[in-house]
Amino acid sequence: MGTKVKETCTVLSQECIGKDIYSMWIQTKTIAGNAKPGQFVSVYTQDGSKLLPRPISLCEIDKEKGALRLVYRVTGPKTGTESFSRLHAGARLELLGPLGNGFPLEEAAGRQVFLMGGGIGVPPMLETMKQLDAKKIAVLGYRDELFLNEEFAKNGEVYIATEDGSAGTRGNVMDAIRENDLEADVIFACGPKPMLRAIKAYAQEKGIPCWISMEERMACGVGACLGCVCQSTEVDAHSHVHNKRVCKDGPVFRSTEVEL
């Protein structure tokens, strides 16, 4: 685990890249330098009524410039994410990070890898793909509107699934794998629980090592509040229950470690 810090950062730019999907670049002093693909930051709102920070995964990490790209979904009016979407270049905001454990890139080096993202699980797979030294195949699932897919295409092969069939395969990421006869030695994935459940079953059936990033809503980000607990397959020696904290023990888990 790298050292996490809380720092006041500056917004470099922000744009809307899809319906309710925003992309924000942030200047940091130290967080970007320590960050790894698959980690996240907790972003504090300026609004005193929302005390808990919002966890947002890292979409891109520019260590040279000390910058982070956060791509996130606005979840509704008067939410923390909605308040972030109104920030312009020059605005200040507090970040705590980097948090969580990220994807184990060394496990996939030199192999053929699926980078699977669904919905707002797509952004963290971009930096993962960029840093991976392997044969990379991105399999991305969307409801209808695409975002970030062109950036993925600069880093490897991309296959797309849309629920409405407007682009790529009609259906989900597993349908895209079947339709295109795709194969991999290792899987890295992030997305909603039903998608991860299907990927975990596929990985088990094929005997493929698989790591998944759990998209559970995290509140404190440091493992204290237990608002993000997921069921694990082995019993925790400390509390004797089948639980892992997504933020502290994850958000990336080996798929065989968690019940979905």
Side-chain angles (χ1 to χ4, degrees), residues 1-2 35-41 55-61 97-141 148 152 155-159 161 172-174 176-177 182-218 221 223 228-234 236 242-260:
M1 289 285 287
K36 297 203 277 296
Q39 289 188 302
F40 66 98
V41 288
I56 301 180
S57 58
L58 303 178
C59 175
E60 290 190 77
I61 302 163
L99 298 169
N101 61 348
F103 284 100
L105 302 183
E106 66 288 349
E107 298 280 353
R111 311 187 62 193
Q112 182 147 307
V113 187
F114 283 156
L115 296 128
M116 303 179 71
I120 210 63
V122 167
M125 303 316 297
L126 181 57
E127 185 65 32
T128 308
M129 189 178 197
K130 285 172 68 178
Q131 289 200 26
L132 201 52
D133 182 16
K135 179 159 174 31
K136 302 175 266 200
I137 301 171
V139 188
L140 309 176
L148 296 176
F152 278 88
N155 293 283
E157 288 179 49
V158 178
Y159 295 88
N172 60 33
V173 287
M174 295 313 306
I177 284 176
L182 303 176
E183 289 184 355
D185 306 314
V186 179
I187 298 173
F188 289 161
C190 183
K193 204 175 251 183
M195 170 185 144
L196 297 181
R197 196 178 292 129
I199 291 171
K200 175 182 174 170
Y202 169 82
Q204 264 170 323
E205 177 202 329
K206 299 272 189 192
I208 302 170
C210 173
W211 282 265
I212 56 177
S213 177
M214 303 281 285
E215 271 215 316
E216 300 295 323
R217 279 291 297 274
M218 293 177 277
C228 67
V229 165
C230 65
Q231 278 195 303
S232 67
T233 46
E234 62 293 5
D236 178 337
H242 288 277
N243 283 334
K244 285 187 187 290
R245 291 160 301 178
V246 172
C247 63
K248 188 95 168 139
D249 305 316
V252 177
F253 296 96
R254 195 155 182 156
S255 60
T256 49
E257 286 183 333
V258 284
E259 303 287 349
L260 291 166

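For this chain, numbers begin at 1 and follow the sequence in order. What you see is a predicted model, and the numbers here were worked out from it, not measured in a lab.
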To the closest 0.5 Å, what do you measure between OG1 (Thr128) and CG (Leu105)? 6.5 Å
Is there a side-chain contact (heavy atoms from CB on, under 4.5 Å) between Val173 and Leu140? Walk through the geometry before answering. CA-CA 6 Å; Val173 287; Leu140 309 176; 5.8 Å; no
Measuring from Met129:CE to Phe114:CZ, what's the distance to the nearest 0.5 Å? 12.0 Å
Criterion salt bridge (Lys or Arg N to Asp or Glu O under 4.0 Å) on Lys135 and Glu157, from CA distance to verdict: CA-CA 9 Å; Lys135 179 159 174 31; Glu157 288 179 49; 2.7 Å; yes
Does Met195 reach the side chain of Asn172, with side-chain heavy atoms less than 4.5 Å apart? no
Sorted by chain and number, sequence neighbours left out, side-chain contact (heavy atoms from CB on, under 4.5 Å) with Asp185 holds for Arg111, Gln112
Please identify each residue that fulfils side-chain contact (heavy atoms from CB on, under 4.5 Å) with Ala108, with sequence neighbours left out. Val113, Leu132, Val186, Phe188
Closest non-hydrogen atoms of Cys210 and Ala203, given as atom of the first, atom of the second and distance, are CB-CB, 3.6 Å
Compare all side-chain heavy atoms of Trp211 with those of Pro104 and state whether any distance is below 4.5 angstrom. yes
Could you give the distance from CZ (Arg254) to CD (Glu107), rounded to the nearest 0.5 Å? 6.5 Å
Taking atom CG of Leu260 and atom OG of Ser255, what is their separation to the nearest 0.5 Å? 8.0 Å
If you look at every heavy atom in Asn101 and Pro251, which pair is closest and at what distance? OD1-N, 3.3 Å
How close do Ala184 and Ile208 get, heavy atom to heavy atom, and via which atoms? O-CD1, 3.5 Å
Identify the two heavy atoms, one from Val139 and one from Ala176, that lie closest to each other, and give their separation to 0.1 Å. CG1-CB, 4.0 Å
Provide the closest heavy-atom pair for Leu148 versus Cys59 in the form atom of the first, atom of the second, distance. CD1-SG, 3.9 Å
Interatomic distance, Ile61 atom CD1 to Lys36 atom NZ [nearest 0.5 angstrom]: 9.0 Å
Of all heavy-atom pairs linking Ala189 and Phe103, the shortest is O-CZ, 3.7 Å
Do Phe40 and Ile56 make a side-chain contact, defined as non-hydrogen atoms from C-beta onward lying under 4.5 Å apart? no
Run Ile199 and Met174 through side-chain contact (heavy atoms from CB on, under 4.5 Å) and show every step you take. CA-CA 7 Å; Ile199 291 171; Met174 295 313 306; 3.9 Å; yes
According to side-chain contact (heavy atoms from CB on, under 4.5 Å), who are the partners of Lys130, at least two apart in sequence or on a separate chain? Glu60, Leu126, Glu127, Asn155
State, yes or no, whether a side-chain contact exists between Leu58 and Val41 at a heavy-atom distance under 4.5 Å. yes
Should Leu115 and Lys136 count as side-chain neighbours, where that means a heavy-atom distance under 4.5 Å? yes
If you count every heavy atom of other residues, nucleotides or ligands that lies below 6.0 Å from Gln204 atom CD, does the total exceed 12? yes
First locate atom OH of Tyr202, then atom CD1 of Ile177, and finally report the distance between them rounded to the nearest 0.5 Å. 5.0 Å
